[in-house]
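Since the structure comes first, as structure tokens, the remarks are kept for the end.
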Amino acid sequence: MRRLAIAAGGILLVGGGAIAVILATGGDPASPDLPPVTAAAPAPPPVIPVGPLPGIGADGKAVRLEAPPVEFEPEPPPPDAGSWEAIPAASRPNRMGPIGPVLANELSEVLQPRLAQCFDEETQSRFGQTPVSRPLNGREADDAGTILLVLNVEVSPGQVRIADAPVEQQGPASDGTVACAQRVLRGHVVRTPVATDTRRVRMAFQLHP
């Protein structure tokens, strides 16, 4: 009996080992042991060489950035002493002495109806190729805001004469409108006893329909 018990125990041990081998090898006792399967690590992204960043030198150290120089248009030269541009322009008629109100009344009552016609499309077209008088100080007329002319006025005993009306600020007006207004104003004479001396003056004049 004892020998039979020992033999049965040996059989059980051998059978259990065989079962363990089968389970370990996936059911095939002849299969070799395989290493565990692991997921491959993702490849690193490609490295694209770049130059030094702004403010960072080639050695990786911070560097001081110099701002580009700011360029301004040069100031126009001062006007010649004998030119119209050398005469300060009065902003209002009452700053021109006794002739100021006389000239303002002439502009409002006599010349304004003719000036308003310069805003007509047909009139603008007719004067579109007429040269426009501009200041001789090298400045371009400003295209923003109101339409502003500067009246160059010659005063002599008994009369006031508008010699020219260069455009200082063209605003939305076309060249034809400005050229037409200058034609109306240029050479116009106002007879008045308040003009008793000989001089030249300038006055700003806003053009409107």
Side-chain angles (χ1 to χ4, degrees), residues 70-209:
V70 179
E71 296 183 1
F72 298 95
E73 292 186 4
E75 290 290 334
D80 296 335
S83 66
W84 281 102
E85 287 72 23
I87 303 173
S91 58
R92 293 192 296 270
N94 58 7
R95 295 188 175 182
M96 298 176 63
I99 68 169
V102 174
L103 183 58
N105 183 73
E106 186 78 5
L107 290 168
S108 175
E109 300 297 330
V110 179
L111 295 179
Q112 179 56 36
R114 296 168 56 190
L115 293 171
Q117 296 178 4
C118 294
F119 289 85
D120 179 73
E121 291 185 3
E122 182 177 347
T123 304
Q124 292 181 50
S125 178
R126 189 166 67 251
F127 284 88
Q129 301 302 319
T130 304
V132 174
S133 177
R134 302 184 185 279
L136 300 179
N137 53 13
R139 288 174 44 194
E140 291 290 334
D142 191 353
D143 292 335
T146 57
I147 311 167
L148 192 65
L149 308 180
V150 178
L151 306 183
N152 296 343
V153 180
E154 296 173 338
V155 181
S156 59
Q159 72 174 29
V160 175
R161 177 179 177 271
I162 301 175
D164 200 1
V167 56
E168 183 76 14
Q169 186 170 296
Q170 190 158 340
S174 66
D175 285 353
T177 296
V178 175
C180 171
Q182 291 177 339
R183 178 71 65 85
V184 171
L185 295 167
R186 192 180 294 122
H188 187 78
V189 176
V190 183
R191 308 289 180 181
T192 175
V194 300
T196 58
D197 56 352
T198 300
R199 57 193 171 105
R200 297 190 304 169
V201 294
R202 300 174 76 214
M203 185 186 78
F205 173 66
Q206 182 176 342
L207 182 65
H208 58 86

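If you're wondering where the values come from, they're calculated on a predicted model, not measured in any experiment. In this chain, residues are counted from 1 in sequence order.
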I'd like to know if the side chain of Glu168 reaches the main chain of Val150, judged simply by a donor and an acceptor atom lying under 3.5 Å from each other, with no hydrogens or angles considered.
no
Val102 vs Val160, test: side-chain contact (heavy atoms from CB on, under 4.5 Å). Steps then yes/no.
CA-CA 9 Å; Val102 174; Val160 175; 5.9 Å; no
Yes or no on salt bridge (charged side-chain N to carboxylate O under 4.0 Å, His left out) for Arg200 and Glu154, after CA distance, side-chain angles and deciding distance?
CA-CA 5 Å; Arg200 297 190 304 169; Glu154 296 173 338; over 6 Å; no
Residue list, salt bridge (charged side-chain N to carboxylate O under 4.0 Å, His left out) with Arg183, at least two apart or on another chain
none
For a side-chain contact (heavy atoms from CB on, under 4.5 Å) check, start with the C-alpha distance between Val153 and Leu103, then their side-chain angles and the critical distance, and finish with the verdict.
CA-CA 10 Å; Val153 180; Leu103 183 58; 3.9 Å; yes
Would you confirm whether Glu85, through its side chain, and Pro79, through its main-chain N or O, come within 3.5 Å as a donor-acceptor pair?
no
Quick check: closest heavy atoms across Ala90 and Met96, and the distance to 0.1 Å?
CB-CG, 3.7 Å
For residues Pro135 and Val167, report the shortest heavy-atom separation together with the two atoms involved.
CD-O, 3.2 Å
Start with the C-alpha distance between Val189 and Ile162, add both sets of side-chain angles, then the distance that settles side-chain contact (heavy atoms from CB on, under 4.5 Å), and finish with yes or no.
CA-CA 7 Å; Val189 176; Ile162 301 175; over 6 Å; no
Pro98 versus Pro101, closest heavy-atom pair with distance
O-CD, 3.4 Å
If we only count heavy atoms from C-beta on, is the Thr177 to Asp120 side-chain gap below 4.5 Å?
no
Contacts of Arg199 that satisfy salt bridge (charged side-chain N to carboxylate O under 4.0 Å, His left out) - sequence neighbours left out:
Asp197
With no hydrogens and no angle check, is any side-chain donor or acceptor of Gln124 less than 3.5 Å from a backbone partner on Phe119?
yes
Just distance, no hydrogens or angles: give the donor-acceptor pairs under 3.5 Å from side chains in residues 201-209, sequence neighbours left out.
residue	atom	partner	partner atom	Å
Arg202	NE	Trp84	O	3.4
Arg202	NE	Asn152	OD1	3.2
Arg202	NH1	Ile87	O	2.9

Residue pairs fulfilling side chain to side chain donor-acceptor pair (under 3.5 Å) with at least one residue in residues 100-118, sequence neighbours excluded:
Glu106-His188
Using every non-hydrogen atom in the two residues, find where Ala195 and Ser156 come nearest and quote the distance to one decimal.
CB-O, 3.4 Å
Side-chain contact test, heavy atoms from C-beta onward, threshold under 4.5 Å: evaluate it for Pro157 versus Thr198 and give yes or no.
yes
Minimal non-hydrogen separation, Pro131 against Ala179, with atom names
O-CB, 4.2 Å
Examine distances only and state if a side-chain atom of Thr192 and a backbone atom of Val194 form a donor-acceptor pair shorter than 3.5 Å.
yes
Please identify each residue that fulfils salt bridge (charged side-chain N to carboxylate O under 4.0 Å, His left out) with Arg186, with sequence neighbours left out.
Asp164
Tell me, with the steps shown, if Gln170 and Val178 meet side-chain contact (heavy atoms from CB on, under 4.5 Å).
CA-CA 8 Å; Gln170 190 158 340; Val178 175; 4.0 Å; yes
Rounded to the nearest 0.5 Å, what separates atom OG in Ser174 from atom CZ in Phe127?
11.5 Å
Residues two or more places apart in sequence or in another chain: which of them pass salt bridge (charged side-chain N to carboxylate O under 4.0 Å, His left out) with Asp175?
Arg134
State, with a plain yes or no, whether a side-chain heavy atom of Pro166 is found less than 4.5 Å away from one of Leu149.
no
